[in-house]
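Lettering follows sequence order; numbering is per chain, from 1.
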Amino acid sequence: MIAEVIVDVAAHPIDRPFDYAVPEELQVLVEPGMRVKVPFGPRKVLGFITALKDTSDFDVSRLKPIHELMDVVPVLNEELLAMAKWMKKQTVCFEIDALQVMIPSALRAKYEKRFVLNAPLEELPEPLQPYFDKRPSVRSQDAVEVYGLLKKELERGTVVADTDISQQTAVKKARMIHITDSLEKLESIEIRSNAKQQVKLMAFFKNHLGKAIESSVLQKEAGTTLPTIYSLAEKGAAEIHNEELYRDPKLLSDIEKKPNLQLTEAQQAAYDAIDAALNTPKTFLLHGITGSGKTEIYLQTIEETLKAGKEAIMLVPEISLTPQMTLRFKERFGDLVAVLHSGLSAGEKYDEWRKIQRAEVKVVVGARSAIFAPFRNLGLIILDEEHESSYKQDDSPRYHARDMAIWRSEYHNCPVILGSATPSLESYARAQKGVYELLVLEKRAKNQPLPTVHIVDMREELRNGNRSMFSVPLAEAIRERLDRKEQTVLFLNKRGYSSFVLCRDCGTVMQCPNCDISLTYHRSSELMKCHYCGYDEPVPHTCPECESEHIRFFGTGTQKVEEELAKLVPEARVLRMDVDTTRNKGAHEKILAAFGEGKADILLGTQMIAKGLDFPNITLVGVLSADTTLHLPDFRAAEKTYQLLTQVSGRAGRDKLPGTVFVQSYTPDHYAITLAKDQLYEPFFEQEMAMRRASGYPPYYYVVNVQFTHEDLMTVAGYADQSVRFLQSQLSQSTLIIGPSASLIARVNNRYRYQCLIKYKKEPKLADVMQQLIKIYRSEWIKKGATLSIDMNPTSVM
DNA sequence: AGCACGCCGACT
DNA sequence: GTCGGCGTGCTC
């Protein structure tokens, strides 16, 4: 028996299956999808079995045997193995990367070099002996001081090198105390009256008959110690076992089950359409304005799916994956729900994943990578906020969760729901063409009116002599809310406001010496940091160029606004939410909870407050500058601005009190701003489509971004130029190739970056041509220290 | 990617 | 003479 193995080496020449002999004793056990340890050249690596067969094109007598089987149950099933192959083609990535992204990070291998003793200890030179006298091997990193000696011994053969392959986390085991369920038995046990500890514990036992409690929890709750527990256990009051345990971040027991809500007519219509298609691989685009009750439709269609004995995946953007959000699912589906999000430790994620693999849960709620949940009988996939760019992974494998969802829906014959208040142009265009079925919710579920949006022309403010960040009408509105004890949310677009140091005499902005980007001022550490390469230096007192002392610190965007706000309304209680104040685990939730409880009048924040903020007392939303996203050099700038404004406006007036929104802008007539005012999606779509058609961008054209990096500017420019010429010769006439040109950030970590953009409508040879380009790169440029990265359908081209 | 092999310069 | 620099080529 022969196994095809994809080994854990991400490099072009290795990116294909290697054949290995399956040892006799493993033949009954092996299955595709299991991980194996295999010899690969002079070392050992981890790999995935992708197929089993009886013959090989390779010389069978030279096949090496599998060294060790890492799993008893496959970690990937046939579906996911097939999906990885497709993903490799689709996204131009290594197959091993596609496989790795599908399993929890805890199962990914860690490699550690070791020196293993291969002769009697006495044969080693004296200084080496202490390293081996307790153990037969020593970790490479623990023996740095004696590398020279070890090298000699390696040559003599008294010591051999080896790689230790381990995974990060294993199954968690715990000591569980099972209290007997028989009160009689407990009462029959005699305890000496001076054994006070035991008496106390016995009382606890009597109150918790038949329960199983983890030993450490029991010790805390009952105020006892392990020996006491053991003494009672010996008398028959309890049994003690070591058991596998899930690291359950939260106990579900206190969550109250909640019934379905009554659907509105529009919701019902959408629900019926999906319900009728539960066994077809159809994609729906659910276009519902903010607050139109999309989630209730999700919940009820999931319920139908479960009734049919199938499973469901619910994807949400990472930032909306808040406790309130997941609570709604747990209220409906109880412990049939697994939640996967970045706040979990690797071990916790692994446990949630195991629940899915063992079919103990039926619903997964999670961010992007939850699309790989190893369900076998998938009945429904939902992507909420489908336009979010976080559904696309921005490093290899550069996959889009939407594409993966549609692939799985075809495999399982089940529908996909793409939900959004502001669909991506791609999806809406597909819905118009009939590729997706469009479902529309035009009204808010509780029939609240949309908030009133005022656009404030900041040029006018400036002309009237107002140079602050707050326009007169916004400032007035804020004061009004303070008087009425209502809440305000102020939204600051972080980009464009990042904090830098500027010399007011010569205009110098401090730059990173390794990257073409300005350094960011970090107040907490008093350092200037580069966000691209990690470089830092102390904050200067004088300008490094002209030695002037007139240097100005532009504080973090939100910090600066906070200071101005304090001048404007000194009496207001302000909560600030940005990367600085949410760095600690749980800080995000704490700030939101505090705001929800009315502990502050104003919440000031960046992107992260645009989503999921749902408090009845918010009646005012201020967007301090709508322009910052609008003028980014990216074809999606208008789309992103429209989405953001709609999203942010949706935070106001979600309950009984009507909401008001102020959008400040220097370009108040731009269609992305005027049309977002009344959430006129269709007209926005039409207008933006016209722009895209004129400039040849998605959805009219597909885009591929090819980026090159090299230490030397001329070299990388040369390679980019050769590539463009090669691509032009291979691709069809109608395909446009833009560039090569320097990337927006032309240098990162002392490497110059060049890119070109391929825009095409139909290009059947594209995958082949990209492979050929990789071949050229492999045979010539890679040796010279260049890198090449290919991004199919990038979300942004900056 | 990582590791071994192999061929040339500067040291004991 | 040997140690060690990194170019080249292979990995079932």
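- Taking atom CZ of A:F40 as the reference point, atom C1' of B:dC3 lies 11 Å away to the nearest angstrom.
- We find that CD1 of A:I14 is positioned 11 Å from C1' of C:dG9, with the value rounded to whole Å.
- Regarding A:I782, its CD1 atom lies at a distance of 14 Å from the P atom of C:dT8, rounded to whole Å.
- Rounding to whole angstrom units, CD1 of residue A:I96 and C1' of B:dG2 are separated by 15 Å.
- Of the candidates A:K392, A:R402, A:R636, A:E426 forms a salt bridge (charged side-chain N to carboxylate O under 4.0 Å, His left out) with just one, namely A:R636.
- One atom, NZ of A:K64, and another, C1' of C:dC10, lie 10 Å apart when rounded to the nearest Å.
- Nucleic acid contact class of A:K44 (heavy atoms, under 4.0 Å, all strands): none.
- A straight line from NZ of A:K113 to P of B:dC3 spans 5 Å, rounded to a whole angstrom.
- Between the CZ atom of A:R778 and the P atom of C:dC10 there is a distance of 13 Å, given to the nearest Å.
- For A:Y399 and A:F372, the ring centers sit closer than 6.0 Å to each other.
- The side chain of A:F58 sits closest to C:dC12 out of B:dC3, B:dA1, C:dC12.
- With 3.5 Å as the limit, one finds no donor-acceptor pair spanning the side chains of A:S741 and A:Q755.
- Across all strands shown, A:I2 has no heavy atoms under 4.0 Å from either base or sugar-phosphate atoms.
- With hydrogens and angles ignored, a donor-acceptor pair closer than 3.5 Å exists between the side chain of A:R43 and the base of B:dA1.
- A:F635 and A:Y697 have parallel rings, their planes meeting at less than 30° on a 0 to 90° scale where 60° marks the start of perpendicular.
- Atoms CD1 (A:I774) and P (B:dA1) sit 13 Å apart, rounded to a whole Å.
- Checked against the 6.0 Å centroid threshold, A:Y701 and A:Y760 do not count as a close aromatic pair.
- A cation-pi contact links A:R16 to A:F18, judged by a cut-off of 6.0 Å to the six-membered ring centre and 45° from its axis.
- Near-neighbour residues of DNA chain C inside residues 16-24 of chain A, defined by a heavy atom below 4.0 Å, number-ordered: A:R16, A:F18, A:D19, A:Y20.
- Aromatic pair A:H710/A:Y754: centroids not less than 6.0 angstrom apart.
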